[in-house]
Amino acid sequence: MTHQAYAYYPGCSLSSTAREYDVSTRKVFEALGLELRELEDWSCCGASAAKGINHLLGLALPGRVIQQAEEANLPLTTPCPECYSRLRFAAYEMKDEATRKQVSQVLETEIKNTGAIEPTLKIIWQYDGDLRIKKPLTGLKAVAYYGCLFVRPKDVAAFDDQEDPRSMDDIVTRLGVEMLDWGFKTECCGAYLSVPKPEIVYRLVYRILKGAKQAGADCVVVACPLCQANLDTRQKAIEERYRVHFDLPIIYFTQLMGLAMGFSAQELLLDKHLTDPLPLLRGKGLA
Amino acid sequence: MGGNSTVTPVAQSKFLSEVERESGQRIMDCYQCGKCTAGCPSAASADVTPRQVMRGIQLGLAEEMLDNSMIWLCVSCQICTARCPCEIDIAKVMESLRLMATRQGRAKERDIALFHRLFLKSAEAGGRVWELGLGGFYNMSSGHLLANVGLLPSMLAKGKLEVLPHHNKKAKAAVKRIIERASLLEGK
Amino acid sequence: MSLDYEPRIIGFLCNWCAFAGADLAGTTRTGYPSNIRIIRVPCSGRVDPLLILKAYQQGADAVLIAGCHPGDCHYVQGNYFARRRFALLRQFLDYLGIEKERLRLEWVSASEGRKFARLVKEMTEEVSRLGPRKDTVRRPVKVATE
Amino acid sequence: MARIGIFLCHCGTNIAGVVNISQVREAVKDIPQVVLVEESKYMCSEMGQGGIREAIEKNKLDRVIISACSPRMHENTFRKTVADAGLNPYLLEIANVREQDSWVHADDKEAATEKAIALTRTAVAKALLNQPLTPKRVGLTKRALVIGGGIAGIQAALDIANAGHPVVLVEREPTIGGRMAQLDKTFPTLDCSSCILTPRMVEANQHPNITIFTYSEVMSVSGFVGNFKVQIRQKARHVDSVKCTGCGICWQKCPDLVPSEFDTGLGGRKIIYVPFAQAIPNVPVIDMPNCRYVKHLEAAKEGKKLPPCRICEKLCPTGAIDWEQEDQVLTEDFGAIVVATGFKPFDYGRYTEFGAGKYPDVIGLLQLERLLSASGPTNGELKRPSDGAHPKTVVFLSCIGSRDERMGKPYCSKVCCMVMAKQAILLKDHDPEIQPYVFYIDVRAGGKDYEEFYQRSQREQGVLWLRGRVSKLYQDNGKVIVMGEDSLMGRPVEIAADLVVMATGMEANDGAVDLAQTLHISYDTHGFMVEAHPKLRPLETNTDGIFLAGTVSGPRDIPETVAQGSGVAAKVLGLFSKDELATDPTVAYVDAMRCTGCFLCAEVCPYGAIDKEPSRDGRLLAKVNESLCKGCGLCVAGCRGNCINLRGFTNQQVIEEIMALCR
Ligand SMILES: Cc1cc2nc3c(=O)[nH]c(=O)nc-3n(C[C@H](O)[C@H](O)[C@H](O)COP(=O)(O)OP(=O)(O)OC[C@H]3O[C@@H](n4cnc5c(N)ncnc54)[C@H](O)[C@@H]3O)c2cc1C
Ligand SMILES: Cc1cc2nc3c(=O)[nH]c(=O)nc-3n(C[C@H](O)[C@H](O)[C@H](O)COP(=O)(O)OP(=O)(O)OC[C@H]3O[C@@H](n4cnc5c(N)ncnc54)[C@H](O)[C@@H]3O)c2cc1C
Ligand code: SF4
Ligand code: SF4
Ligand code: SF4
Ligand code: SF4
Ligand code: SF4
Ligand code: SF4
Ligand code: SF4
Ligand code: SF4
């Protein structure tokens with residue numbers, strides 16, 4: 001197999017709240033023989049904040065990341081859908097020559113905007129080699145929750161079906177997990193509103209968790225730090241508020257991959273989640 | 001909308017063409033079906049719905065469309081955009097209205113605007129965002145002193161939030177410069 | 001784009017689709033540049049390459065042939081012949097020093113008034129950009145007739 | 001010297017408001033051989049035409065140029081006008097200064113005027129080379145082909161047959177009846193669909209002038225109005241329809257069941273089957289790929305053993321089962337063709353936000369018709385597909401695959417609002433406890449008694465109409481949750497439904513485009529066939545002798561479809577009232593002095609209109625068969641030596657036009 005290397009942009013969340021996503025992603029890539037070279041001195045992509053304040057800033061912050069990858073002469077990848085979406089948007093808008101020039105001007109260096117930008121999820125989905133599974137995760141039932149930014153908008157970011165994406169389901173099915181069909185794959189969790197408007201997020205997340213439970217899932221598989229945070233850290237409050245009992249661990253797909261590849265739950269930081277997945281995994285003899 | 005005042009519709013208003021220019025969307029294509037609103041995560045909590053925002057623009061109601069909570073509660077999830085039968089990018093329209101409001105110093109949802117600003121501040125301060133700091137600053141600045149505090153102990157215990165900001169000097173300098181230059185060059 | 005250069009475009013339009021499409025542009029008041037001059041022919045396949053050369057020789061800045069979409073030809077296969085001949089002629093144009101942008105073959109159905117208008121606009125802009133013809137075809141060549 | 005008259009039409013202000021007519025007059029009046037320039041406010045009006053006739057007679061004009069609207073509009077009108085004045089109609093030329101000038105260059109009057117002058121000059125240049133032409137007369141076959149045996153086709157066939165002319169009705173399915181046969185009751189009168197349809201089907205079947213070919217398709221069409229030659233393929237039923245009495249023993253005893261197309265997959269049918277009880281003809285077909293005997297034969301080829309079955313054959317009292325039967329191709333002559341191949345419902349599986357067709361309790365309108373029908377898969381008991389429970393909350397979603405740019409279907413399907421109203425009322429009739437909710441964008445109830453019917457559903461039956469489109473459906477604990485907006489309240493709403501019905505729109509039928517291409521008629525971007533004129537010639541196509549009826553040209557309901565069926569019959573009968581037809585004289589002709597006999601022309605002629613004729617010195621030369629030639633001119637462009645030319649569009653004429661336009 002040819003050795004493939006990527007410029008790796010973890011983004012802010014993965015270096016704090018979502019460390020387990022970062023760690024598990026790196027482990028999985030390494031195990032698959034795919035190299036991630038973290039960009040040096042990378043900076044924030046601006047998330048949804050920058051574009052709402054200043055349009056150009058919303059392009060220039062991701063622009064710097066793109067430009068760094070250009071310097072490294074590598075295809076750019078990131079696990080975080082928010083970052084991915086910002087990077088893609090910037091690249092998309094910079095297809096317009098004037099915009100590209102303007103961003104270059106802000107960055108004080110020419111940005112070519114020709115390199116590939118793919119999320120780690122897509123790279124793994126399209127990886128057709130052996131997944132090096134040592135320990136299939138049989139007995140586990142899960143639903144995949146994709147959230148918004150990997151599937152929308154169509155022309156900019158989507159690499160999977162808009163309403164019924166398959167990528168995570170396909171990957172996790174290969175691990176031996178029974179993936180269930182459900183109706184909330186791409187519904188919104190409220191994103192960053194969990195800080196300024198937690199009420200909205202409670203309502204949305206309640207629905208999603210209820211849907212997962214109804215489908216018969218033991219846990220929810222995710223690929224987004226924000227989704228993970230909203231579904232995991234708000235779960236207790238929601239259970240209290242709506243007088244329900246979910247106890248649904250929210251696990252990154254890379255953590256499940258790592259587990260199947262033989263890494264320990266601790267190595268994959270599976271003990272960092274607020275809704276503890278360990279009892280479930282131990283119960284099934286998987287951790 | 002508003003609900004208690006008479007509306008004087010203005011066909012082909014200046015506001016309409018401003019929004020169309022800013023967003024690149026054809027607002028008059030909207031036939032008010034409501035599909036955007038039906039799937040919107042925030043609509044139920046807002047004072048006007050996304051469909052009504054589209055209508056308001058069609059009627060030229062500039063004030064009301066820049067001063068509602070919907071444009072701030074919109075999280076750019078793009079569900080509306082993906083499903084609109086008239087292929088209008090509603091999320092983009094919302095973003096454009098936010099930008100227009102910001103430029104005019106309006107923000108119906110001060111908390112969210114504040115959150116965005118603090119987020120950027122955090123990025124500016126460290127080159128990368130320090131999430132614990134962001135939460136803390138937000139609580140202090142918004143006056144919601146205890147918001148989200150309940151979560152803190154468990155999150156810290158799990159190592160989910162780093163107590164110290166993870167600054168990166170070079171990144172910090174770069175972000176600072178970008179913010180300066182972007183504000184300088186925006187609109188040029 | 002030079003301001004005083006008004007290119008002259010000769011359009012051979014098939015009676016069933018493109019000519020009807022051009023009519024529809026009119027019926028729906030979809031405006032386009034007046035540079036095009038239309039000749040009605042029964043079928044795009046009726047357009048003999050010699051007629052196109054005649055147009056260039058007479059000073060046309062560009063020639064448009066428009067007919068029914070593939071599969072829709074009123075005469076079954078006329079537009080396929082048009083397409084084949086067009087490909088050959090285009091190569092020949094190169095040899096004559098006429099830019100290939102000056103010859104277009106397009107499919108316009110009777111319901112595509114907007115498309116026709118857009119085409120004329122595009123072509124006019126493109127040819128204006130090219131400016132006046134620089135080749136030497138514009139002199140009497142004998143075109144065999146009856 | 002010719003004597004040319006030029007007539008400049010104002011078309012009210014349509015032309016004169018843009019083109020400076022007096023400037024045109026000045027520019028063309030001195031063209032050599034022009035003896036007269038006249039104007040009229042409306043050239044096509046009785047007065048305008050009278051003026052032309054008078055001028056021809058008074059000035060002995062031998063060429064007439066009319067500078068007016070598109071020749072596609074009034075060429076025939078004016079040809080008649082000049083003919084009435086004794087001038088050969090082919091000596092007329094029309095300059096298109098309205099559609100292709102004043103209407104598209106309204107913002108540049110100067111350029112429009114200049115162009116009007118150029119176009120008029122060009123018409124003069126061409127007209128000088130016009131020759132008087134005389135149409136030939138040919139006979140016609142007074143026998144009609146009707147393609148498609150839905151209500152449109154049945155109606156057309158009956159009306160033509162009743163006027164005494166033979167009709168062949170070709171239907172692709174094993175029975176005639178079309179979609180209407182699948183319906184339960186019909187709006188706005190709620191009469192039972194099969195009660196009003198079946199008598200017509202029987203009448204058609206028994207009519208001495210009607211021959212029905214079911215399970216058949218049109219393969220090819222050649223010829224022209226009055227004289228079409230059509231190849232029809234009759235697919236093998238594997239049942240001898242002469243011997244079969246329709247006793248039904250075979251399909252009662254056939255051991256296998258597959259989903260029934262007629263019941264939209266909700267019920268089953270046997271392998272040997274008639275689609276429904278009142279099918280016409282009442283002769284079954286064997287669905288070969290699914291038949292046990294066929295599978296047995298195939299397995300045997302691979303050396304495997306499967307039981308041969310052949311129960312139908314053993315039990316058939318008349319020995320009608322015929323395994324050897326093969327497709328048959330018939331070639332028939334017709335004078336006119338009616339296309340009535342109908343529509344198909346939009347596939348709601350394309351909406352992934354509504355479960356992509358995977359949720360069992362989300363169905364389409366046609367499926368609900370079958371569930372409501374007493375002869376349907378549930379004998380009219382309303383049971384939902386997932387668990388057979390009786391639904392109480394039923395939600396309708398309008399405009400599925402209609403008014404939706406995202407699906408590439410911007411048009412309104414016209415009947416589904418009324419169908420929703422009808423079905424909601426029928427649901428209430430079935431079970432008063434059912435609560436129907438209807439999500440709509442606009443209610444399209446424009447027809448006689450339609451609005452009253454829709455109002456009744458809300459006022460008297462308690463159907464709740466909610467204005468708004470639904471965004472998403474999801475399954476939840478045996479319910480389908482409907483997320484919509486009530487746009488009148490401006491609030492998101494949610495309903496937990498037991499059954500959701502998609503108001504699927506009308507799409508062009510499968511194979512419509514292929515059929516249109518076989519017939520050489522036009523179709524639009526949605527696959528609906530195109531009328532010669534949307535308002536004034538809605539039943540004709542641009543090809544003489546080929547007509548359209550029913551939903552083949554766009555969505556419509558039964559009353560309109562039936563009206564079109566009868567209307568099209570009137571068109572056909574009008575054609576058949578003549579004993580001969582005049583052919584278009586703008587055909588090709590060969591210059592025998594120059595022809596080298598290479599027959600490149602014959603190679604490209606789509607109509608085989610070039611014959612090989614020996615000349616005096618024995619060489620074979622080209623000769624045009626004028627009744628086959630359609631005047632496309634392919635031969636002219638194909639001939640290397642300019643030895644063949646096209647009347648009305650000769651090379652010299654086109655060259656004159658080019659020269660005039662390049663001036
Ligand atoms: C769910 C539903 C409910 C409806 N309810 C009502 C109602 O209550 N009242 C009302 O007025 N209208 C109603 N309509 C509309 C009505 O069904 C149509 O107006 C009518 O059926 C159209 O008839 P048609 O003959 O044009 O087409 P079809 O009924 O579609 O008939 C076309 C026929 O042509 C055949 N065919 C197709 N292609 C070929 C081919 N290539 N060669 C040979 N044969 C071919 C088909 O097999 C079919 O038999 C309803 C429609 C739907 C979908
Ligand atoms: C304002 C308006 C705008 C419209 N615009 C459109 C449009 O844009 N497109 C469209 O498709 N449709 C349009 N329509 C509809 C269109 O006008 C009608 O569909 C059409 O004119 C109906 O034609 P008709 O022959 O049935 O009736 P009419 O046009 O009413 O003709 C009936 C004729 O019968 C004569 N008559 C009446 N009683 C007797 C009698 N006892 N003896 C002898 N003669 C009698 C009348 O004098 C009249 O000349 C419009 C209608 C209106 C009102
Ligand atoms: S979905 Fe589109 S058309 Fe419908 S109301 Fe929203 S913006 Fe308008
Ligand atoms: S993008 Fe904004 S308006 Fe659209 S559905 Fe999401 S939150 Fe609502
Ligand atoms: S058993 Fe024989 S006669 Fe009876 S319906 Fe079947 S094929 Fe016809
Ligand atoms: S052979 Fe058997 S399976 Fe086939 S049609 Fe006859 S009875 Fe049915
Ligand atoms: S008839 Fe009604 S439901 Fe059908 S497409 Fe038109 S508006 Fe929609
Ligand atoms: S009555 Fe006329 S205006 Fe009113 S809905 Fe019907 S068609 Fe429209
Ligand atoms: S192509 Fe011309 S020369 Fe050849 S046979 Fe036909 S008419 Fe004669
Ligand atoms: S014009 Fe020529 S090619 Fe066309 S049908 Fe007539 S003979 Fe054939």
Side-chain angles (χ1 to χ4, degrees), chain C residues 6 8 10 12-17 19-20 22-43 45-52 54-60 68 71-78 81-82 85 109-112 117 120 143-146, chain D residues 69-73 96 98-108 111-112 114-115 118-119 122 126 513 516-517 520-525 530 542-543 586 591 594 604 606-607 630-634 636-639 641-642 645-646 648-652 654-655 657-663:
Chain C
E6 283 291 348
R8 176 67 47 92
I10 298 293
F12 295 99
L13 269 54
C14 103
N15 180 45
W16 305 97
C17 297
F19 193 84
D23 275 357
L24 183 65
T27 316
T28 55
R29 311 296 196 275
T30 313
Y32 52 79
S34 64
N35 304 59
I36 186 134
R37 297 281 189 267
I38 294 169
I39 295 177
R40 177 160 75 135
V41 290
C43 174
R46 162 70 184 87
V47 184
D48 196 322
L50 290 174
L51 295 174
I52 299 170
K54 182 78 188 176
Y56 287 124
Q57 183 229 317
Q58 289 296 313
C68 312
D72 294 358
C73 177
H74 186 75
Y75 302 106
V76 192
Q77 56 201 29
F81 286 107
R85 264 186 233 125
S109 79
S111 63
E112 292 177 327
V120 175
V143 174
T145 58
E146 290 181 85
Chain D
C69 55
S70 171
R72 296 181 73 257
M73 187 80 191
N96 187 342
R98 191 180 73 173
E99 279 82 348
Q100 296 180 3
D101 188 13
S102 71
W103 275 353
V104 286
H105 308 315
D107 52 356
D108 189 348
E114 192 193 315
K115 190 166 183 176
L119 292 175
T122 306
K126 184 179 181 202
V513 168
Q517 292 182 350
H520 315 305
I521 59 177
S522 343
Y523 51 92
D524 65 19
T525 39
V530 175
N542 269 326
T543 304
T586 52
D591 181 347
R594 302 174 73 156
V604 298
Y607 301 97
K630 300 266 254 171
C632 64
L634 294 191
V636 185
C639 176
N642 265 295
N645 225 325
L646 183 63
F649 293 95
T650 62
N651 277 340
Q652 195 52 45
V654 180
I655 287 169
E657 288 182 272
I658 295 171
M659 299 210 296
L661 287 178
C662 285
R663 254 173 56 151

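Computed from heavy atoms alone, side chains included, the values below leave out hydrogens, waters and symmetry copies. Throughout, a chain's letter reflects where its sequence line sits, starting with A, and its residues are numbered from 1.
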What are the two closest non-hydrogen atoms of [X] and [Y], and how far apart are they?
X: C:Asp48; Y: D:Val636; value: OD2-O, 3.6 Å
X: C:Asn15; Y: D:Arg72; value: O-NE, 3.5 Å
X: D:Lys630; Y: C:Tyr75; value: O-CE2, 3.5 Å
X: D:Leu646; Y: C:Pro42; value: CD2-CG, 3.6 Å
X: C:Arg46; Y: D:Thr650; value: NH2-C, 3.5 Å

Heavy-atom contact with chain D under 4.5 Å, split by part of [X]:
X: C:Ile36; answer: both
X: C:Ser34; answer: both
X: C:Tyr32; answer: both
X: C:Ile38; answer: both
X: C:Arg85; answer: side chain
X: C:Phe12; answer: side chain
X: C:Ala20; answer: both

Of the listed C:Ala82, C:Ser109, C:Ala117, C:Gly78, the one with the largest count of heavy-atom pairs under 4.5 Å with chain D is C:Gly78
Report yes if some heavy atom in the side chain of C:Leu51 is under 4.5 Å from a heavy atom in the side chain of D:Ile655; otherwise report no.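 Yes, side chains in contact.
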If you define the side chain from C-beta out and look only at heavy atoms, does anything of D:Met659 sit under 4.5 Å from C:Lys54? yes
Do D:Asn96 and C:Asp23 have side-chain atoms, one donor and one acceptor, less than 3.5 Å apart? yes
Main-chain N/O of D:Leu661 paired with C:Arg8 side-chain donor or acceptor, under 3.5 Å: yes
Taking every heavy-atom pair that is under 4.5 Å apart, which of D:His105, D:His520, D:Lys126, D:Met73 has the most such pairs with chain C? D:His105
Identify which of D:Cys632, D:Cys662, D:Pro606 forms the greatest number of heavy-atom pairs closer than 4.5 Å to chain C. D:Cys632
Counting only non-hydrogen atoms closer than 4.5 Å, does D:Arg663 touch chain C with its backbone (N, CA, C, O), its side chain (CB onward), both, or neither?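 Contact with chain C involves the backbone of D:Arg663 alone.
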